[in-house]
Amino acid sequence: MPLLRDVFIKLSENQVLNDATKKMGLKFGANKVVGGISVDDTIERIKDLNSQGMSVSFDNLGEFVTRRSDAIHEKDIILNMINAIGENGVDASASIKLSQIGLNIDYDFCIENITEIMDAAKKHNMFVNIDMENYASYEDTVRVIDHLMERYDNIGTVLQSYLFDAKNDVYKYKDRRIRLVKGAYKEAPAVALQEKEDIDKAFELLIRLHLTKGDGFTSIATHDHNIIEKSIEFIKENDIPNDRFEFQMLFGFRKELQKELVERGYNVCIYIPFGNDWYAYFMRRLAERPQNINLIVKSVTKDPMFQTGVKVVGALALGAAALKFFNRK
């Protein structure tokens with residue numbers, strides 16, 4: 001469903017809809033894939049996941065940060081979460097988007113903010129993963145990561161298999177803790193693979209390379225059970241110990257598969273987003289798997305605001321557009 005995928009990606013980039021939905025709480029199925037609005041709510045979710053034998057990587061949701069005051073506000077939320085994790089003794093790490101803390105405002109300003117986060121995480125013996133975003137921010141993101149890796153050992157990043165640069169980066173970061181993903185942005189053919197089959201093959205190659213070419217820890221981030229089983233087969237064939245890798249999945253997706261992997265003795269980490277800026281994240285998850293449109297449909301039809309005609313801001317337009325394209329298929 002490439003056309004529907006493009007619709008969701010475009011919707012995720014709509015700043016008007018992002019701003020409008022911040023006032024709505026977790027609507028239209030978002031509560032099924034977002035851990036909570038507040039730090040306290042999310043800590044309870046983390047405790048529950050820990051009790052099921054899973055670790056967590058938290059993500060403070062946020063897009064379109066263009067003002068210093070907003071970047072500082074988002075940084076403070078991240079620091080509050082790090083401190084709450086330390087105080088509660090839960091098993092969790094941090095996933096940080098540099099655009100949220102000033103990368104698109106000023107490089108040195110971003111360095112100041114991420115250094116404060118890294119110091120707080122180091123204090124609590126917490127790992128920090130620097131997320132990769134769209135390709136436009138790739139070079140600046142790598143620049144920040146390489147700078148931080150000179151000083152900190154509790155840092156890793158993400159490699160997106162659809163990018164042509166990914167294979168080189170696997171070798172560059174072969175001794176680091178790396179999360180491997182397929183990629184969730186729409187990128188130009190000049191920089192990224194376009195076909196699902198090609199992306200899947202590249203993803204499988206990155207997994208095999210990072211598991212065998214260095215001493216780094218590998219986070220295999222996918223819900224694709226076929227790729228998971230192929231990875232397990234490769235791991236067994238190459239006698240790779242379980243403490244060298246984990247399977248990482250998004251909160252709210254493939255829960256039974258998550259539990260099954262834990263029961264089979266594998267490490268499972270759940271990527272759990274939180275906050276009121278959930279819209280862009282939710283749209284990208286729908287872009288990855290458009291079948292999840294039913295999360296919207298079921299939620300909207302039960303929402304009394306929708307039933308009484310009270311404005312649902314941009315999300316109502318989202319549902320109409322998505323269903324229009326869905327019905328063409």
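None of these values were measured; they are calculated from a predicted model.
Scanning both residues, Ile78 and Gln100, for their nearest heavy atoms gives CD1-OE1, 3.7 Å. Between Val128 and Ile96 the shortest heavy-atom distance is CG1-CG1, 3.7 Å. Residues Asn267 and Asn242 share a closest heavy-atom pair of ND2-O, 2.8 Å. The minimum heavy-atom distance linking Val170 with His210 is given by the pair CG1-N, 3.9 Å. In this structure, Gly36 and Asp41 approach most closely via the heavy-atom pair CA-CB, 4.2 Å. Scanning all heavy atoms of the two residues, the minimum distance from Ala92 to Ile85 falls at CB-CD1, 3.7 Å.
Inter-residue side-chain proximity for Asp165 and Gln160 is flagged as unmet; no heavy-atom pair is nearer than 4.5 Å. Side-chain contact check for Phe251 versus Val56: every heavy-atom pair is 4.5 Å or farther apart. The closest side-chain heavy-atom distance from Cys269 to Met54 is not below 4.5 Å. Residues Met81 and Asn60 form no side-chain contact, since every pair of their non-hydrogen atoms from C-beta on lies 4.5 Å or further apart. Between Glu44 and Asp40, the closest side-chain pair of non-hydrogen atoms is not below 4.5 Å. In this structure, Ile111 and Val144 have side chains that are in contact, with non-hydrogen atoms separated by less than 4.5 Å. Looking only at side-chain heavy atoms (C-beta outward), Tyr185 and Tyr135 stay at 4.5 Å or farther from each other. Residues Arg176 and Asp215 are not in side-chain contact: their nearest non-hydrogen atoms beyond the backbone lie 4.5 Å or more apart.
A donor and an acceptor atom, one from each side chain of Asp169 and Tyr138, are located under 3.5 Å apart. Looking only at atom types and distance, the side chain of Ser95 has a donor-acceptor partner in the side chain of Arg179 under 3.5 Å away. No side-chain donor from either of Asp140 and Ser137 sits under 3.5 Å from a side-chain acceptor of the other. In this structure, a donor-acceptor pair under 3.5 Å is present between the side chains of Asp146 and Tyr173. Tyr271 and Asn129 share no side-chain donor-acceptor pair at under 3.5 Å. In this model, no donor atom of one side chain and acceptor atom of the other lie less than 3.5 Å apart for Tyr162 and Asp198. Defined by atom type and a distance below 3.5 Å, a donor-acceptor pair is missing between the side-chain atoms of Asn134 and Glu187.
Note: the hydrophobic cluster containing Leu61 does not contain Ile72 (ILVMFWY, side chain heavy atoms under 4.5 Å, direct or indirect links). Under a hydrophobic clustering in which Ile, Leu, Val, Met, Phe, Trp and Tyr are joined whenever their side-chain heavy atoms come within less than 4.5 Å, directly or via other members, Phe234 and Leu159 fall into the same cluster. Both Leu209 and Ile207 are assigned to one and the same hydrophobic cluster, defined by single-linkage of ILVMFWY side chains at heavy-atom distances under 4.5 Å. Linking Ile, Leu, Val, Met, Phe, Trp and Tyr whenever their side-chain heavy atoms come within less than 4.5 Å leaves Phe127 and Leu79 in two separate clusters. Hydrophobic cluster membership is shared by Val268 and Leu257, with clusters built from Ile, Leu, Val, Met, Phe, Trp and Tyr side chains linked at under 4.5 angstrom.
Asn238 contributes no side-chain N or O that, together with a main-chain N or O of Ile240, makes up a donor-acceptor pair within less than 3.5 Å. Although no hydrogens or angles enter the test, the distance criterion places no donor-acceptor pair under 3.5 Å between the side chain of Glu133 and the main chain of Asp131. Side chain of Asn50 to main chain of Asp91: a donor-acceptor pair is present (N/O by atom type, distance under 3.5 Å, no hydrogens or angles). No donor-acceptor pair closer than 3.5 Å links the side chain of Asp175 to the backbone N or O of Gly214.
At least one test fails for Arg244 against the ring of Phe217: distance under 6.0 Å to the centre or angle within 45° of the axis.
Atom NZ of Lys230 has 12 or fewer neighbouring heavy atoms from other residues, nucleotides or ligands inside a 6.0 Å radius. Around the CD atom of Glu195, the shell of radius 6.0 Å holds no more than 12 heavy atoms that belong to other residues, nucleotides or ligands. The local environment of NZ in Lys122 is crowded, with over 12 non-hydrogen atoms from other residues, nucleotides or ligands closer than 6.0 Å. More than 12 heavy atoms of other residues, nucleotides or ligands shown are found within 6.0 angstrom of CD on Glu229.
Taking NE2 from His225 and CD1 from Ile232, the interatomic distance works out to 11.5 Å, rounded to the nearest 0.5 Å. With rounding to the nearest 0.5 angstrom, the CE atom of Met249 is 7.5 Å from the OG1 atom of Thr222. Separating the CD atom in Gln248 from the CD atom in Gln258 is a distance of 10.5 Å, to the nearest 0.5 Å. Taken to the nearest 0.5 Å, the CG atom of Asn113 stands 10.0 Å off from the CG atom of Leu98. Between Asp106 atom CG and Arg68 atom CZ the span is 5.0 Å, to the nearest 0.5 Å. Here the OG-CZ distance, from Ser219 to Arg177, works out to 5.0 Å after rounding to the nearest 0.5 Å.
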Residues Thr115, Met118; criterion side-chain contact (heavy atoms from CB on, under 4.5 Å); working and verdict | CA-CA 5 Å; Thr115 298; Met118 292 301 305; 5.6 Å; no
Residue pair Thr157, Ile178: steps toward the side-chain contact (heavy atoms from CB on, under 4.5 Å) verdict = CA-CA 5 Å; Thr157 189; Ile178 296 296; 3.7 Å; yes
How far apart are the C-alpha atoms of Glu260 and Arg264, what are their side-chain angles, what is the distance that settles it, and do they pass the salt bridge (charged side-chain N to carboxylate O under 4.0 Å, His left out) test?
-> CA-CA 6 Å; Glu260 177 192 335; Arg264 290 167 67 181; 3.2 Å; yes
What do the steps show when you test Ile117 against Ile101 for side-chain contact (heavy atoms from CB on, under 4.5 Å), and what is the final call?
-> CA-CA 10 Å; Ile117 290 170; Ile101 56 171; 4.0 Å; yes
Would Val34 and Ile272 satisfy side-chain contact (heavy atoms from CB on, under 4.5 Å), going step by step from the backbone distance to the final call?
-> CA-CA 7 Å; Val34 174; Ile272 184 167; over 6 Å; no
Trace of the salt bridge (charged side-chain N to carboxylate O under 4.0 Å, His left out) decision for Lys201 with Glu197 = CA-CA 6 Å; Lys201 288 180 180 178; Glu197 182 178 352; 3.4 Å; yes
Determine, stepwise, if the pair Asp224 / Arg254 fulfils salt bridge (charged side-chain N to carboxylate O under 4.0 Å, His left out).
-> CA-CA 9 Å; Asp224 189 326; Arg254 302 301 303 268; over 6 Å; no
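For the side chain to side chain contact (heavy atoms under 4.5 Å, CB included) with Ser161, the qualifying choice from Ile199, Asp200, Leu193 is Ile199, the only one to do so.
Taking the six-membered ring for Trp and thresholds of 30 and 60 degrees, Tyr266 and Phe247 have ring planes more than 60 degrees apart, a perpendicular arrangement.
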